[in-house]
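One structure is given here, and the rest of the page talks about it.
Below, chain A is the first sequence line, B the second, and so on; all start at residue 1.
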Number of protein chains: 2
Amino acid sequence: MTGPIYRQIAEELRRRIESGELPPGSQLPTELELREMFDNASRNTVRDAIRSLVTRGLVVTRAGQGTFVVERMVPFAVTMSTDSVTGLGGGEGVAYMGQARAQRRTPEATLPRVEIQTVSELIGRELRLDPGAQVVSRHQRLRIDGKPWSLQTSFYPMSFVEQGASKLVEAKNIEPGAVKYVGETLNLKQVGYRDQVLARQPNEVESAFFRLPDSGVAVLESMRTAYEAGGKPIRCTVTVWPADRNRLVYNVGAVPEEVLLTVADDQPGSASVSSATGS
Amino acid sequence: MTGPIYRQIAEELRRRIESGELPPGSQLPTELELREMFDNASRNTVRDAIRSLVTRGLVVTRAGQGTFVVERMVPFAVTMSTDSVTGLGGGEGVAYMGQARAQRRTPEATLPRVEIQTVSELIGRELRLDPGAQVVSRHQRLRIDGKPWSLQTSFYPMSFVEQGASKLVEAKNIEPGAVKYVGETLNLKQVGYRDQVLARQPNEVESAFFRLPDSGVAVLESMRTAYEAGGKPIRCTVTVWPADRNRLVYNVGAVPEEVLLTVADDQPGSASVSSATGS
DNA sequence: AACGATTTGTTCGTATGTATC
DNA sequence: TGATACATACGAACAAATCGT
């Protein structure tokens, strides 16, 4: 056919996977078997083909065992906003909102690791602080059913601590919720927030914590900046999830209640695949 | 050190890139030069190291030219929701909202490619249609400044057409906006929507349209389901963007106006990198 | 616990093709 | 046209992980 050999092999395997001939969880032929199947191509050529499937997230390789079609777990729906039902006017721990909605699963968080840092350029712009200003960062690792789920870091202006919100620098959970605590202590009420959502490749720390394979799985990152009534930013929270088992849900305006309780249980990409077919 | 040679080489190169010693756009040493730099490792070993950097999105290779540190373009902020300023109670083309906000850039869309399909399981669940029901799909490709930007497909129940919204099956832009047209024709008013955001590896069509490299760049997908006052879904829109040059912005509640107009111009991952450092 | 068989992972050498300048 | 640089392909050997005996 056309194109390099490793690509032809990869395409053929992809066809068999997507047709269901190689169902999720099943083992691919070994590299030696694939060699024979494809005109005695070199083992390295077969491995190039497999590598391209790994990068696309279609298969995983396990040393000593074989190569397997990925079994996607049920994606977890993280509710990021709900106008109608919850009516979250101001108070509660916005950063924990999604976690609290863990349907039928039990979330747990490590104690926060608290640091006082010179603000980065990025966070400084969000919190509208001068370069060189100090911020409190509170970092947590969250798990669901014991499995790593998200990494989260919240940044507050150090001035909040000086003005009396001293619990911010304690490495303990702030019980009524950090936003509520800051609101009560400093008389600041959260009236809105802005989420910036992006996807990127994981860094080393994230790969290790989430136990991600060498490649193929991106992470979703949300940077949430919360504002008080005067329009001043109160805090900035950066949360990172592995993209293969999470989706972020934003409800805007009136959304039927039964939909709000729905758990997403489909395969990602299905919609666009069908829509994009046939240039 | 520890670990395989190609990993050591990759780590060393990554260090030089992130320290600024190899700034964005600069050329890496050639494979032969890298061979000499790293204890006369095999050229294949050097290539393995570079490949891992490509997969992480740190460098790109160009045949005949060399390997270069990636230059990220300014990420485009796609506004997905604004409660306060725009006050989008119901009408306007929700799916085009983000595009209309193209700051200082000129968006253009292809004419819609219209198809009548049997509904997929995924879309059927969103639109609450029975299996086997028919839907109208309207597919568009959007560009900004002539460069590919997003792929978008909207699905409507075929019953809408039978009830009089005949423009839905015409391969032309619906001028007042499709949602408005449906609303006026069928007396349905959009009162809310639900966005599901995920990230995944691009499929073939997407890779081709967005001209994505073989690996390293994920796509962001948003599936937006719009609801009318009775709680019935009106339409479902799936939009896909390349993740390396877009971020989705959700404004909830009161967000200061000057923030709404801000263009994001930072590097992704900066926030979490600093926060995650030091386990 | 030890061993062998199987399977993927790493590393090397070499040759040739293709893109770019 | 030639030189340079990455892309593809092959063969070979040994390492490391896994599993069953």
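Classification of Glu204(B) and Arg14(A) as a salt-bridged pair holds, one side-chain N sitting under 4.0 Å from a carboxylate O. Ionic pairing of Arg141(B) and Glu206(B) is not present here: no N-O contact between side-chain nitrogen and carboxylate oxygen is shorter than 4.0 angstrom. Salt bridge status for Glu126(B) with Arg224(B): absent, with no side-chain N to carboxylate O gap under 4.0 Å.
A ring-centre distance under 6.0 Å is found for Trp149(A) and Phe76(A).
Contact check, Gln65(A) against dC19(D): a side-chain N or O comes under 4.0 Å of OP1 or OP2.
Separating the CG atom of Leu32(A) from the P atom of dA12(D) is a distance of 13 Å, rounded to the nearest angstrom. As rounded to whole Å, 16 Å separates atom P of dT18(D) from atom CD of Glu31(A). Per the geometry, CZ belonging to Arg35(B) stands 15 Å off C1' belonging to dC6(D), to the nearest Å.
At distances below 3.5 Å, at least one donor-acceptor pair connects side-chain atoms of His139(B) with backbone N or O atoms of Gln152(B). Remark: the backbone N or O of Thr67(B) is not paired with any side-chain donor or acceptor of Glu31(B) at under 3.5 angstrom.
In terms of position along DNA chain D, the nucleotide closest to Gly66(B) lies nearer the 5' end than the nucleotide closest to the other residue of the pair Ile5(A) and Gly66(B).
Tyr250(A) and Asp195(A) are linked by a side-chain donor-acceptor pair at a separation below 3.5 angstrom, with hydrogens and angles left out of the test. For Glu221(A) and Gln196(A), the side-chain atoms include no donor-acceptor pair closer than 3.5 Å.
Interface residues of residues 39-55 of chain B facing DNA chain D, ordered by number: Arg43(B), Asn44(B), Arg47(B); criterion, heavy-atom separation under 4.0 Å.
Taking every nucleotide of DNA chain C with any atom under 4.0 Å from a non-hydrogen atom of chain B, the first and last of them, 5' to 3', are dT10(C) to dC21(C).
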